[in-house]
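For reference, the structure is listed below as structure tokens.
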2 protein chains.
Amino acid sequence: MARTKDKNTEEQILEAAKNVFQTKGMDGARMQEIADSAGINKAMLHYYYRSKQLLFEAVFKNAFSLLAPQLNKILNDASSIEEKVRNFTSNYITFIIKHPYLPNFIIQELNRNPDFILKIQENSTLLNIEKFKTQVTLEVNQGILKPTKGDQLFINIMALNIFPFVAKPLIKAFTKEDEKGFKTLMEQRKTEVSEFIINSIKQH
Amino acid sequence: MARTKDKNTEEQILEAAKNVFQTKGMDGARMQEIADSAGINKAMLHYYYRSKQLLFEAVFKNAFSLLAPQLNKILNDASSIEEKVRNFTSNYITFIIKHPYLPNFIIQELNRNPDFILKIQENSTLLNIEKFKTQVTLEVNQGILKPTKGDQLFINIMALNIFPFVAKPLIKAFTKEDEKGFKTLMEQRKTEVSEFIINSIKQH
DNA sequence: ATCTTTGTTAACTAAATGGTTAAACTACAT
DNA sequence: ATGTAGTTTAACCATTTAGTTAACAAAGAT
């Protein structure tokens, strides 16, 4: 019985591969587990994607292209720094609660193989903080912000938004919160984090 | 020729295992590579540590026991929140520059197997932020700090200090800095981060 | 109807990998 | 010098794993 289901096999594989790679990583993932999870024969993985490496790259690019527009908002839209911080923080945390394994997956795999970032930089022109830095300098000169280094501010925004999800097990251990308590903390952060940042950089 | 060198074999293995596990992770590490790196026969790994799992756990506990005193400073010493933030930030960044793979290793492996944290919680009484939270509440009531949630402040301090090292490849890509430029950014952060935090929470 | 292309499977292969074993070597106590 | 306990090695083993193959099924195209 040929699987003439609504979804085509190639997409089923990608979906299954996403789940396995994002939870186990490249080294921990097994082709057999991906096949089982997709409900198909292992040979199909190679039929559609040739090798584990290529299947992994398909998953990775997919993940990154999901994340990129989120980051783009803070780098390249027209609003003020304060608005950007507020919007980004709220949107990003909402986004990650929907895709909990994403940031950890990307960071882990980039550390394993930093060359991956080169492949990504070819495909997307973003990943450039120059515009953001210029805007920070401008708002500092206009007296809107206290003296602030654009690159450090960018790092701080990323850190405050992304880190809690990456270090989730650590944070749960320290705060003694369960899954529900952790989620509450993260919901709080949608506004807490932007207040924290704005408080620090806004000229009063 | 028996290796009657100054360092005993067991320590040589642990040192080699540390290097391999911390860069490749549990799944990516190979026992043969650890043996080669230690300059000894693979059977010795099992002679001294029985299994890959146990060798890994020895490395992990070692890594964590190196990190714990750092975190302890901010949780359990007697200074004010402002002093704690300043000292911790400067000390922690210095510490991590010396042990660059450590935070990523711990975070990656805790995500792979969150139960590890249980084993650690048995051995060390630390990992408790209650004292820190009480102190924050106290300083808020004394009018030293603006209204601030202790647990969120703790997360923010961790995030700002640890994240840049965990996400190093991403940050290098965004800021277009090379290794040297990255290190300069991190050196700046020894004071930048504490200013950023103090600015945000201190009552003026 | 049958030929061809595409999709799918079970069985197989070669290499890698964690772990074992039996023999050999070292140092030291007697 | 010899026995003994601890240490080290080369060779081996069983299993896992990514990848291949050859045969088979489905569905259009002619």
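Order of the sequence lines sets the chain letters (A, B, ...), proteins ahead of strands, with each chain counted from 1.
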Positions of residues 27-35 of chain A (non-hydrogen atom under 4.0 Å from DNA chain C), listed by number: none
Report the C-alpha separation of E57(A) and Q53(A) in whole Å, then their side-chain angles, then the decisive distance to 0.1 Å, and conclude whether the side chain to side chain contact (heavy atoms under 4.5 Å, CB included) test is met. CA-CA 6 Å; E57(A) 284 177 23; Q53(A) 178 66 22; 2.7 Å; yes
Can E179(A) and K172(A) be said to form a salt bridge (Lys or Arg N to Asp or Glu O under 4.0 Å), step by step? CA-CA 8 Å; E179(A) 190 60 35; K172(A) 281 172 79 174; 2.8 Å; yes
Roughly, in whole Å, what's the span from CG in N41(B) to P in dA11(D)? 11 Å
Looking at dG18(C), dT8(D), dG7(C), which one has an atom nearest to any side-chain atom of M44(B)? dT8(D)
Go through it in stages, so that I can follow the logic: the residues are E130(A) and K176(B), the test is salt bridge (Lys or Arg N to Asp or Glu O under 4.0 Å), and I'd like the CA-CA distance, side-chain angles, deciding distance and then a yes or no. CA-CA 10 Å; E130(A) 284 312 313; K176(B) 307 260 195 293; over 6 Å; no
Does T9(B) have a side-chain nitrogen or oxygen under 4.0 Å from the phosphate oxygens OP1 or OP2 of dT7(D)? no
Within the 4.5 Å heavy-atom criterion, are K146(B) and K202(B) side-chain neighbours or not? no
Find the distance L45(A):CG to dG7(C):C1' and express it as a whole number of Å. 14 Å
Closest listed nucleotide, where the reference is the side chain of K42(B) and the choices are dT21(D), dT7(D), dG18(C): dG18(C)
Axis-to-axis angle across the helix from dA1(C)-dT30(D) to dT30(C)-dA1(D), five pairs an end, to 10 degrees? 20°
Whole angstrom is fine here: how far is it from CD1 in I40(A) over to P in dA10(C)? 11 Å
Quick check, are the ring centers of F60(A) and F116(A) under 6.0 angstrom apart? yes
Mind listing the residues from residues 48-59 of chain B sitting with a heavy atom below 4.0 Å of DNA chain C? Number order is fine. S51(B), K52(B)
Please state how far atom NE2 in H46(A) lies from atom C1' in dG7(C), giving the value in whole angstrom units. 16 Å
Separation of N8(B) atom CG from dG6(D) atom C1', in whole Å? 13 Å
